Amino acid sequence: MILLETLLYIIKNGKVLLIRKKRGLGAGYFNGVGGKVEDNEDVNNAAIRECIEEIGVKPRGLKWMGLLEFWNYDNNAIESIHFVHVFTASDYNGEPRESDEAEPLWFNINEIPFNSMWEDDSLWLPLILSGRRIYGRFIFNKWRMISHEVHSICT
Ligand code: 6OG
């Protein structure tokens, strides 16, 4: 099963807006806002829609920052492959609010709660927060990371 998904990080005044995810994949972890791209939707519009749905704000100044592949095995069988397009936004309209999916919280850019996030995040999120475009591939077995690679994208 291949899934196309988005992640969006709003960065403003030296802080980044994360959500504590309340349900679905990664529930309990802090993450960017995002989810699955729908049929007939491009990845930019999916990132905007998910942000509105999850925390009630419309992001502005979207930048495409990278592609991450998460390959999750269940021993020898491939369980799921996630193609995740990552964006940053420099501003937003509205006020972040909690929904049944997510609780929004601001963190200083140098105080990201990596201990309460997916294991892979500390390997790539700092690069994105410093403005680098990246490609990453992360291999998991039952969602425990077994290998990884991260590359900067040349411009
Ligand atoms: P829904 O199930 O809510 O979409 N996602 C990951 N995010 C991070 N930071 N690390 C991972 O490492 C992830 N795997 C998936 C993509 C799932 C959301 O979770 C993200 C989507 O935004 C394995 O529809």
Side-chain angles (χ1 to χ4, degrees), residues 1-11 15-59 62-75 77-89 92 96-107 109-151 153:
M1 173 176 57
I2 298 183
L3 297 158
L4 182 59
E5 300 176 329
T6 62
L7 271 179
L8 169 69
Y9 297 87
I10 298 176
I11 304 166
K15 292 178 188 269
V16 59
L17 188 59
L18 300 179
I19 57 164
R20 188 191 278 280
K21 197 143 179 247
K22 292 164 75 172
R23 65 179 196 209
L25 184 65
Y29 286 161
F30 288 108
N31 208 347
V33 288
K36 289 180 193 67
V37 178
E38 292 180 350
D39 286 342
N40 305 317
E41 183 180 49
D42 67 29
V43 290
N44 283 60
N45 285 332
I48 294 168
R49 176 186 49 74
E50 287 284 349
C51 193
I52 295 169
E53 285 176 9
E54 289 187 358
I55 58 168
V57 301
K58 184 169 184 190
L62 239 68
K63 274 195 203 160
W64 185 91
M65 296 303 290
L67 174 64
L68 304 173
E69 295 183 18
F70 301 119
W71 293 59
N72 184 37
Y73 285 83
D74 184 350
N75 296 319
I78 186 81
E79 174 82 8
S80 58
I81 305 171
H82 300 245
F83 290 161
V84 182
H85 287 263
V86 185
F87 297 85
T88 56
Y92 56 93
R97 54 109 179 104
E98 188 169 349
S99 68
D100 55 355
E101 286 182 83
E103 176 191 4
L105 286 160
W106 290 100
F107 290 89
I109 249 152
N110 50 9
E111 292 172 5
I112 306 289
F114 286 116
N115 287 337
S116 307
M117 296 171 76
W118 280 101
E119 212 180 336
D120 52 278
D121 289 21
S122 65
L123 301 171
W124 58 266
L125 184 54
L127 299 171
I128 283 184
L129 296 177
S130 71
R132 301 247 285 280
R133 280 182 172 166
I134 58 158
Y135 165 74
R137 189 151 65 107
F138 304 85
I139 312 296
F140 295 81
N141 187 38
K142 298 182 177 146
W143 286 121
R144 288 208 49 197
M145 193 167 61
I146 52 179
S147 70
H148 59 85
E149 56 184 287
V150 180
H151 306 274
I153 296 176

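Whatever order the structure lists them in is the order used to number ligands and atoms, beginning at 1. Computed from a predicted model, the values in this text were never measured in an experiment. All heavy atoms count here, side chains included; hydrogens, waters and symmetry mates do not.
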Contact residues of ligand 1 (heavy atom under 4.0 Å), by chain and number: Glu5, Thr6, Leu7, Lys21, Leu25, Asn31, Gly34, Gly35, Lys36, Phe70, Trp118, Asp120, Asp121, Trp124, Phe140, Trp143
Taking Asn72 for its side chain and Trp143 for its backbone only, find out whether a donor-acceptor pair lies under 3.5 Å. yes
Would you please classify the geometry between the Trp64 ring and the His85 ring as parallel, tilted or perpendicular, with 30° and 60° separating the classes? tilted
Can you confirm whether Val37 sits close enough to Glu5 that some side-chain heavy atom of one is under 4.5 Å from a side-chain heavy atom of the other? no
Using the salt bridge (charged side-chain N to carboxylate O under 4.0 Å, His left out) rule, collect all pairs that involve residues 17-29, keeping only residues at least two apart or in two chains. Lys22-Glu98, Arg23-Asp100
Please confirm whether the backbone N or O of Glu54 pairs with a side-chain atom of Ser99, one donor and one acceptor, at under 3.5 Å? yes
Check the angle between the aromatic planes of His151 and Tyr135 and answer parallel, tilted or perpendicular using the 30° and 60° thresholds. parallel
